[in-house]
Amino acid sequence: MRTYIADIEKFEDGMEVTVQGWIQEMRKIKNLMFIIVRDNTGIIQITVKKGSIPNYDELYEITRESVISVNGLLNKKSISRSGTEILASNIEILSIADTPLPLGVIDRVSADFDTRLNNRFLDLRKPEHLIIFKFESQLLFGIREYMNRENFIEVHTPKIVGAATEGGADLFGVEYFEKKAYLNQSPQLYKEMLISSGFDKVFEVGPAFRAEKENTVRHLNEFTSIDMEAAFIDDKKAMEYLERAISYAVNRTIDIMGTDLDRLEYHIDRLEPPFPRITYEESLKYLNNQGLKLSFGDDFSPEANKILAQKFKGFYFITGWPTDMRPFYTHPDTNPRLTKSFDLQLADIEVTSGAQRIHNYRMLEENFMKKGLNKNDFEFYEKAFKYGMPPHAGWGLGLERLVMNLLGLNNVRESTLFPRDRTRLSP
RNA sequence: GCCCCGAUAGUGUAGCGGCCUAUCAUACAGGCCUGUCGAGCCUGUGACACGGGUUCAAAUCCCGUUCGGGGCGCCA
């Protein structure tokens, strides 16, 4: 039976174990060799003496990153660095790696990010990269757990849609038999329709596509969006759900894998809601006091966001964005120039955008006009507002951006397995 | 879309008109070695993105192409 390398510490000296994994490293001294085997949980030294296994000579010639299955006795009094080794009695070669590797897994030379992405399967063998996705998995599990406890229904809405909706963002066109279709930029309209359906609280985790020709370290053309929408709540309540979901998920993940994260130099702090809040207009005033020249209606440049990040550290909300800066479905505040909207920032990056939504049919129609949208494109959506739509609010959270910033990564592609950006379509 | 920058062995780099038959590291191949742990030592293989031009001479200068990086705009 296979044992994961991390579990070996629980075993007693002299026990028989089987580990399976990749040959990370070999040190060969003619009649003796040391093989460092790696699996998804760790590494261990395998000690092989000539004569101790039948296929010694064959194994002596094997290449790094080949896959083997090792059976042997545990020696916990080894002089190896970890103090533990397996004295192999049988080693089965399962797969032989070609040489040279297009990218060294443990080589003492760096590789360009482009080279790493071109050979992502090898790049992800590095524990410091693998753990980003273990982290993401745990984080998402925590968010799901929180949402479930709050009685949200997880849903799946179409990613192929018929109309280029929402205005603003460019969409990717696709051929859909004899019709023109698009890859959806967000589940926004569908979430809202489900609110009309009486689902009450919905959330979705899925891909979102944006055909924007960006070339930055924080944009992708395909990313994972965690979207939520709930009936009979306002923007304030939506913010509460958000900060609680994130705090719960982060704290839970630290409990589960905090020591692993620390060991690989990812340092992350526990969170305590509520997160600080600042209004758009207050931010504007603050930024102008810091020497910027921003007027009402201006978006915050990366420079502005960095200044705000210094003030707040960690997470903070910017609330009350101007109407002109928000999509047509955003609910206005009592001051019609402002909306009941918010962004959640982590360091200098926006990770969530949310708001209370318009639920009044007439108001929605007016907004199509104001934003220069063709209401015919939205008929399927608008209909859901005509026959009983409760007030509602929600948000969309960018998973890769969240992970990127929590772990202090410098590029959103680092927290994306196979990123799709302006030029990259493979692997 | 705009603006900068870059491309040299598998990987990462040095070189920036003649000293380049191109540096170093790492990887790879071969050899020596019974306890290594960034093992060590010896030997070897391996590269100037592509196409034009300038020049007596181009990895080096100029133009174009392709590919890539970063910033801005915009956004999650």
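Order of the sequence lines fixes the chain letters, A, B, ..., with proteins taken first and strands second; residue numbering starts at 1 for each chain.
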Would you indicate what [X] reaches in the nucleic acid, counting non-hydrogen atoms under 4.0 angstrom: base, sugar-phosphate, or nothing?
X	answer
Q45(A)	base
N215(A)	base
I226(A)	nothing
N411(A)	sugar-phosphate
K28(A)	base
E65(A)	nothing
I29(A)	base
F342(A)	nothing
T99(A)	sugar-phosphate
V412(A)	nothing
R218(A)	base

Under 4.0 angstrom between [X] side-chain N/O and [N] OP1 or OP2:
X	N	value
T423(A)	C67(B)	no
R64(A)	C28(B)	yes
K213(A)	G1(B)	yes

When the distance from [atom1] of [X] to [atom2] of [N] is rounded to whole Å, what number comes out?
X	N	atom1	atom2	result
I23(A)	A27(B)	CD1	P	16 Å
H219(A)	G73(B)	NE2	P	10 Å
D298(A)	C72(B)	CG	C1'	15 Å
I106(A)	G10(B)	CD1	P	21 Å
Q185(A)	C74(B)	CD	P	16 Å
D112(A)	G69(B)	CG	P	10 Å
R27(A)	G40(B)	CZ	P	10 Å
K306(A)	C72(B)	NZ	C1'	11 Å

Angle class for the [X]/[Y] ring planes (parallel below 30°, perpendicular above 60°, tilted otherwise)?
X	Y	value
F275(A)	F315(A)	parallel
F368(A)	F378(A)	parallel
F300(A)	W321(A)	tilted

Rounding to an integer number of angstrom, what distance separates [N] and [M] when you compare their [atom1] atoms?
N	M	atom1	value
U65(B)	A9(B)	C1'	24 Å
A25(B)	C67(B)	P	35 Å
C56(B)	C24(B)	P	33 Å
G6(B)	G30(B)	C1'	37 Å
U26(B)	C42(B)	P	12 Å
U23(B)	C48(B)	C1'	13 Å
C19(B)	A29(B)	C1'	32 Å
G71(B)	G18(B)	P	35 Å

Which nucleotide in the list [options] gets nearest to the side chain of [X]?
X	options	value
E214(A)	G73(B), C75(B), G69(B)	G73(B)
V109(A)	G73(B), G12(B), A39(B)	G12(B)
E212(A)	G70(B), C74(B), G73(B)	C74(B)
P102(A)	G10(B), C72(B), G35(B)	G10(B)
T216(A)	U34(B), G73(B), G10(B)	G73(B)

Report yes or no: is the cationic atom of K180(A) (NZ for Lys, CZ for Arg) closer than 6.0 Å to the six-membered ring centre of Y182(A), at no more than 45° off its axis?
->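 Verdict for Y182(A): a cation-pi partner in K180(A).
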
Could K370(A) and F328(A) be counted as a cation-pi pair, given that NZ or CZ must be under 6.0 Å from the ring centre and within 45° of the axis?
->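 Geometry flag: not set, cation outside 6.0 Å or 45°.
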
Single hit among L406(A), L346(A), L344(A) for side chain to side chain contact (heavy atoms under 4.5 Å, CB included) with I246(A) =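 That would be L344(A); it is the only one of L406(A), L346(A), L344(A) passing the side chain to side chain contact (heavy atoms under 4.5 Å, CB included) with I246(A).
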
Do N184(A) and Y190(A) come within less than 4.5 Å of each other through their side chains, counting heavy atoms only?
-> yes

Find which nucleotide of RNA chain B each of L117(A) and F223(A) is nearest to by heavy atoms, and output the residue with the more 5' nucleotide.
-> L117(A)

For S353(A) and for L87(A), find the nucleotide of RNA chain B with the closest heavy atom, then tell me which residue's nucleotide is more 5'.
->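 Its nearest nucleotide being more 5', the pick is L87(A).
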
Could you tell me which nucleotide pairs with [N] by Watson-Crick or G-U wobble geometry, both distances under 3.5 Å, or answer none if nothing does?
N	answer
U60(B)	none
A25(B)	U11(B)
G17(B)	none
U36(B)	none
C2(B)	G71(B)

Salt bridge present between D421(A) and R413(A) (N-O < 4.0 angstrom) =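 Result for this pair is yes, salt bridge flagged.
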
Residue pair E400(A), T224(A): steps toward the side chain to side chain donor-acceptor pair (under 3.5 Å) verdict | CA-CA 7 Å; E400(A) 293 88 351; T224(A) 307; 2.8 Å; yes

